[in-house]
There are 2 protein chains.
Amino acid sequence: MKPETRKNEIIIKAAALFKDKGYSAVTMRDLATALGIKAASLYNHIDSKQAILQDIILSIAEEFTAGMETILQDEGSSINRLNQIIQLHVTIASRNADGMAALNTDWMHLENKLDYYLSLRDTYENNFRNIIIDGIEQGEIKDENVEVILFSMLSTLRSLYLWIPKKEDLNIDQLSDSLSAILISGINT
Amino acid sequence: MKPETRKNEIIIKAAALFKDKGYSAVTMRDLATALGIKAASLYNHIDSKQAILQDIILSIAEEFTAGMETILQDEGSSINRLNQIIQLHVTIASRNADGMAALNTDWMHLENKLDYYLSLRDTYENNFRNIIIDGIEQGEIKDENVEVILFSMLSTLRSLYLWIPKKEDLNIDQLSDSLSAILISGINT
DNA sequence: ATCGCAAACTAACAACTGTTAGTTTTTTTA
DNA sequence: TAAAAAAACTAACAGTTGTTAGTTTGCGAT
C-alpha cells in the first residue's frame, strides 16, 4: 500500500494492529504509540476509529467488486473465470494482507457502513455462485452441490491473507497456479 | 452442548455472543443481560471473562487433538485419513459452531493459555501435513505443493462453522461426503 | 419453621475508552 | 525570514470496562 500521506500511514499501521488483535482490542492509544505520537494527534488526520475501519474494509471490498466485474465482462469458460477469481484473490491478498484480515474478521463492526458492505459481499457471492452454476450446466464442472463448491473455494481464498505473509518464497503467479490446480483438479491421483 | 449447570449456560451463551461480535467487543454486562441477570452475578459461577474464553477454546482444541490421535492410530490409506479428518471437522463444527468461531477468531486473546493453544495447533497441523506427505510418497496424492494442499484443506475445514448453521437442510454425513468429493477429487470434469 | 446454600442483587472501585479543546512546535511556502 | 499550514502536544471529559465486597432472596432438606 502507499504510505504517502500521514493519513495513509495511520491507516496502514492500524490495519497491521487490527490483524494482530482485532479492531475492538486495539485502542487509539495503541495505534498512536505504534506511530510514535499521542492519541489526540491522530485526530489531525482521521475522523474517528470507526472511519479507519471503514476505509480499510470498503476500499478492499470495492476492489473485489471491480475485479469481479472485469471477469464477468471478459469472454471465457467458467473454469477460466474461476481461475481469474483465484488470481484476483491472490493479488489483493498479497498486496494488502493486513487489510484482508480486517475485512474477514472485523466487518461486523462497520456500524453505518455495514449494510453497504453486506450488499457488496452478497453481490460478489452471487456472481461467484452463478459462474459455478453456469459451469455445471455447460458440463465443465462436476454436478456436485453448488453451495459446497462455492463455500470451499471461498473459504480458501478468504484465508489467503493468513498464509501469504509467511510463505514469501512462493511468488504470486506460482501460488495462483498451484491453487488453481488443487481447487479445480483436486489432489488425488 | 450441555447446558446442565449454570456455568455451562453462561459459557454457551458467551460463545454465541463472541461469535457475533468477537471476544473483545462483548462485555460482561452484555453477557449478563443476555442471561437475564446482572454482571456481578456471573462471578458466582465463573472466575473471569478470560476463563470463559479459555474454556470455550481449549475444550475444542483438545477435542481436535484427541480426534487426530484416533485417526493416526487407525490403519488406513492417506486418502482415507484425510476423509476422517474432514468428518472430524464437520462433526465438531456442527455440534459447536459458536465455539469454533471463538477458536478461529479469538485465540490470540488467550493470554496465559496462548502458548498451550499454539502448541496444540502446531502439533495438529504437523500431523495433518505428514499425512499429506505420506500420501504423496505412496502415490495416492498428486505431487503438488504440500503447503498449498494443507492450507487449502485447513482453510475450508476451519470455516465450516460459518456455513453449517445456515444450511441445516444438509445433514452431517451428506456434507462430509460432498466435501470429501470436492476437496479430494476437485470440481472439473 | 429453620438451616444451608446457590444464585441473585446493589454499590462501588480504579483503570481505560474514544474524543474534544486549546496550545505549541515543526515544516512548507512565498 | 515571516507567514501559513501541518502536525504534534497537554489536559481533560464523560462513559465504559472487568471485577470485588457485602447483602438479600428463593428453595430444598432437616
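Since the model is a prediction, treat every value here as computed from it, not as a measurement. Quick note on labels: first sequence line is chain A, next is B, and so on, each numbered from 1.
With Asp30(B) contributing its side chain and Thr27(B) its backbone, the two residues share a donor-acceptor pair below 3.5 Å.
Taking atom CE on Met28(B) and atom P on dC13(C), their separation rounds to 21 Å, with Å as the unit. The CG-P distance, from Leu35(A) to dA7(D), rounds to 13 Å in whole Å. Atom pair Tyr23(B):OH and dT17(D):C1' shows a separation of 12 Å (rounding to whole Å applied). Between the CD atom of Glu9(B) and the C1' atom of dA8(C) there is a distance of 14 Å, given to the nearest Å. Put simply, NE2 on His109(B) is 15 Å from P on dT17(D), counting in whole angstrom units.
Side chain of Arg29(A), nearest nucleotide from dT17(C), dT17(D), dA7(C): dT17(C).
The pair Lys49(A)-Glu111(A) does not meet the salt-bridge criterion, since no charged nitrogen lies less than 4.0 angstrom from a carboxylate oxygen.
Rounded to the nearest 0.5 Å, atoms NZ (Lys167(A)) and CG (Leu175(A)) are 11.5 Å apart. Note that the OG atom of Ser41(B) and the CE atom of Met28(B) stand 11.0 Å from one another [nearest 0.5 Å].
With sequence neighbours excluded, no residue satisfies salt bridge (charged side-chain N to carboxylate O under 4.0 Å, His left out) with Arg81(B). Partners of Ala32(A) under the side-chain contact (heavy atoms from CB on, under 4.5 Å) rule, at least two apart in sequence or in another chain, are Ile37(A), Ala39(A), Leu42(A).
Residues from residues 36-52 of chain B placing a heavy atom under 4.0 Å of any atom in DNA chain C, listed by number, are Ile37(B), Lys38(B), Ala40(B), Ser41(B), Asn44(B), His45(B).
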